[in-house]
Amino acid sequence: MIKIFKGFLINVQFFTALPFPYELPMDKEHLRKAVQTFPLLGLVQGLIYSSLFYVFNEFTPFSHIAVAFMLWLTTILLTGGIHLDGWMDASDAYFSYQNREKRLEIMKDPRTGAFGVLSLVVLLSCRFLFIYEGTLNVEYVTYIFIMGIPFLSKSVMGVLLLTVKSAKNEGLGSLFQSAAKPRVLWVYPLYIVFFLIIILLYEKSSFLFAVLVIAAAVCVFIFRRKAVKWFGGITGDVVGASVEGTELILWMTVWLLHYFVMV
């Protein structure tokens, strides 16, 4: 249990902007536990997002656009933009239309190109639109969606990291891959089933969360193929881009549900 907790704290250090100044063990066993707790990190992020949204929505005089902006901004600040950096680097590499080797070199370049900046603007603009319109009519299931999106995106991150070959033998992605094997992912379906059971006990309309689970599974299928085709495999930047892409698709799914189902 202690190793699992330390593995979770490793994730907090790597993937959030929360201050945690203590040194943690980075051996294979603890990194393996870190991979197994990726979804739990996402769930904690989701709890923070949904709690802040609830407080701003219920106890402040702010307009809905202001509340949506607060939620949008929190999704950026809590992660410290670590996955957004991967999104920009992967965008620069992809839109270079070079071969795989050249794309990997471009992702290693610390400078950000025009396509990286443009793709970031598009990503964040779309996310704000989906958050704003997807939370117009606040119901119980709205908070479930907000909580579940980072939970699922971090699950996608773990699956891609351990089921797609590495494009290079260095970096954060390679570090986790060397420590864990795909068999450690057995716990992910249990997380999802347990989460579904809990939310259904409180509200039957929460079955709509299953639509997000299906969308996340589609993301895994698409990103696995594209990572190999475009970059020759997984890198830390490609994983980060996949997390951002997954969350955008999940927010878009919520937005579409708002228009066509939750009426």
Side-chain angles (χ1 to χ4, degrees), residues 1-16 18 20 24 28-51 53 75 78-79 82-83 140-164 172-173 176-177 179-224 234 239-240 242-251 253-254 257:
M1 185 61 70
I2 295 297
K3 288 184 178 180
I4 293 175
F5 183 64
K6 287 183 177 180
F8 176 80
L9 293 180
I10 289 173
N11 293 333
V12 172
Q13 279 192 331
F14 273 118
F15 303 115
T16 75
L18 297 176
F20 191 82
L24 294 167
K28 288 188 175 182
E29 181 63 23
H30 284 90
L31 289 176
R32 192 177 302 118
K33 298 302 182 185
V35 173
Q36 289 189 309
T37 55
F38 280 171
L40 298 183
L41 173 67
L43 185 59
V44 170
Q45 288 179 244
L47 284 169
I48 293 173
Y49 298 155
S50 59
S51 298
F53 181 78
T75 64
L78 185 61
T79 62
I82 184 171
H83 300 310
Y140 172 80
V141 73
T142 304
Y143 297 102
I144 297 301
F145 287 154
I146 295 172
M147 191 188 314
I149 286 175
F151 168 64
L152 291 176
S153 70
K154 289 298 189 294
S155 300
V156 170
M157 180 174 77
V159 173
L160 292 177
L161 195 60
L162 297 190
T163 62
V164 182
L172 187 59
F176 282 103
Q177 277 191 327
K181 302 300 179 184
R183 62 177 177 270
V184 306
L185 299 175
W186 66 268
V187 72
Y188 283 25
L190 296 183
Y191 289 148
I192 293 173
V193 170
F194 184 72
F195 185 76
L196 280 169
I197 292 173
I198 294 297
I199 62 177
L200 284 172
L201 289 175
Y202 284 93
E203 177 60 51
K204 299 302 181 184
S205 65
S206 298
F207 77 90
L208 290 173
F209 182 74
V211 178
L212 295 193
V213 175
I214 294 171
V218 172
C219 288
V220 171
F221 176 76
I222 294 174
F223 294 149
R224 284 184 66 187
I234 280 292
V239 170
S242 299
V243 171
E244 292 295 343
T246 298
E247 293 197 358
L248 184 66
I249 290 172
L250 294 179
W251 274 115
T253 304
V254 171
L257 287 173

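Side chains are part of it too, since the values below use all heavy atoms of this structure and drop only hydrogens, waters and symmetry mates.
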OH-CG distance between Tyr49 and Leu78, expressed to the nearest 0.5 angstrom:
4.5 Å
Using the side-chain contact (heavy atoms from CB on, under 4.5 Å) rule, take Thr79 and Val243 through it: C-alpha gap first, then chi angles, then the decisive distance, then the call.
CA-CA 11 Å; Thr79 62; Val243 171; over 6 Å; no
Between Leu200 and Phe207, does the side-chain contact (heavy atoms from CB on, under 4.5 Å) criterion hold? Intermediate values first, please.
CA-CA 7 Å; Leu200 284 172; Phe207 77 90; 4.1 Å; yes
In Å, rounded to the nearest 0.5 Å, how long is the span from CZ of Phe209 to CG of Leu250?
8.5 Å
Here the pair of heavy atoms bringing Lys3 nearest to Lys33 is O-CB, 3.6 Å
Check whether any side-chain heavy atom of Val164 lies under 4.5 Å from a side-chain heavy atom of Phe223, and answer yes or no.
no
For Thr37, check side-chain hydrogen bond (donor to acceptor under 3.5 Å, both in side chains) against everything at least two apart and list the hits.
Asn11
Quick one: side-chain hydrogen bond (donor to acceptor under 3.5 Å, both in side chains) pairs with a partner in residues 141-160, sequence neighbours left out?
Gln45-Lys154, Ser153-Glu247
Please identify each residue that fulfils salt bridge (charged side-chain N to carboxylate O under 4.0 Å, His left out) with Arg224, with sequence neighbours left out.
none
Could you list the residues that satisfy side-chain contact (heavy atoms from CB on, under 4.5 Å) with Thr16, not counting sequence neighbours?
Val12, Leu18, Leu41
Quick one: pull up CG in Leu152 and CG in Leu43 and give me the separation to the nearest 0.5 Å.
10.0 Å
Indicate yes or no: at least one non-hydrogen side-chain atom of Leu161 is less than 4.5 angstrom from one of Phe38.
yes
Testing the basics here: between Leu196 and Ala210, what is the closest heavy-atom pair and its distance to 0.1 Å?
CD2-N, 4.4 Å
Partners passing side-chain contact (heavy atoms from CB on, under 4.5 Å) against Ile2 (at least two apart in sequence or in another chain):
Lys6
Show the numbers, then the answer: is there a side-chain contact (heavy atoms from CB on, under 4.5 Å) between His30 and Leu24?
CA-CA 9 Å; His30 284 90; Leu24 294 167; over 6 Å; no
Identify, with sequence neighbours excluded, every residue that meets side-chain hydrogen bond (donor to acceptor under 3.5 Å, both in side chains) alongside Gln13.
none
How long is the straight-line distance from CZ of Phe14 back to CD1 of Ile82, given to the nearest 0.5 Å?
8.5 Å
How many angstroms lie between atom CE of Met157 and atom CG of Leu162, to the nearest 0.5 angstrom?
10.0 Å
Considering only heavy atoms from C-beta outward, does the side chain of Val220 approach that of Thr163 to under 4.5 Å?
no
If you take all heavy atoms of Val156 and Ala216, which pair is closest and at what distance?
CG2-O, 3.8 Å
Nearest 0.5 Å, please: how far is OG1 in Thr253 from CG in Leu248?
9.5 Å
Return the set of residues passing ring-ring contact (aromatic ring centres under 6.0 Å, His included) with Phe151 (not counting sequence neighbours), or none when no residue passes.
Phe195
Using the side-chain hydrogen bond (donor to acceptor under 3.5 Å, both in side chains) rule, collect all pairs that involve residues 179-192, keeping only residues at least two apart or in two chains.
none
If the condition is side-chain hydrogen bond (donor to acceptor under 3.5 Å, both in side chains), which residues does Thr75 pass it with, not counting sequence neighbours?
Arg127
Between Gln36 and Val184, is there a donor-acceptor pair closer than 3.5 Å when you use the side chain of the first and the backbone of the second?
yes
Could you walk me through whether Tyr140 and Ile144 satisfy the side-chain contact (heavy atoms from CB on, under 4.5 Å) test, starting with their C-alpha distance in whole Å, then the side-chain angles of each, then the deciding distance to 0.1 Å, before giving a yes or no?
CA-CA 7 Å; Tyr140 172 80; Ile144 297 301; 3.7 Å; yes
Please report the closest heavy-atom contact between Ile146 and Ser50, naming both atoms and the distance.
CG2-N, 3.6 Å
Just jot down the side-chain contact (heavy atoms from CB on, under 4.5 Å) partners of Val44, sequence neighbours excluded, or say none.
Phe8, Ile48
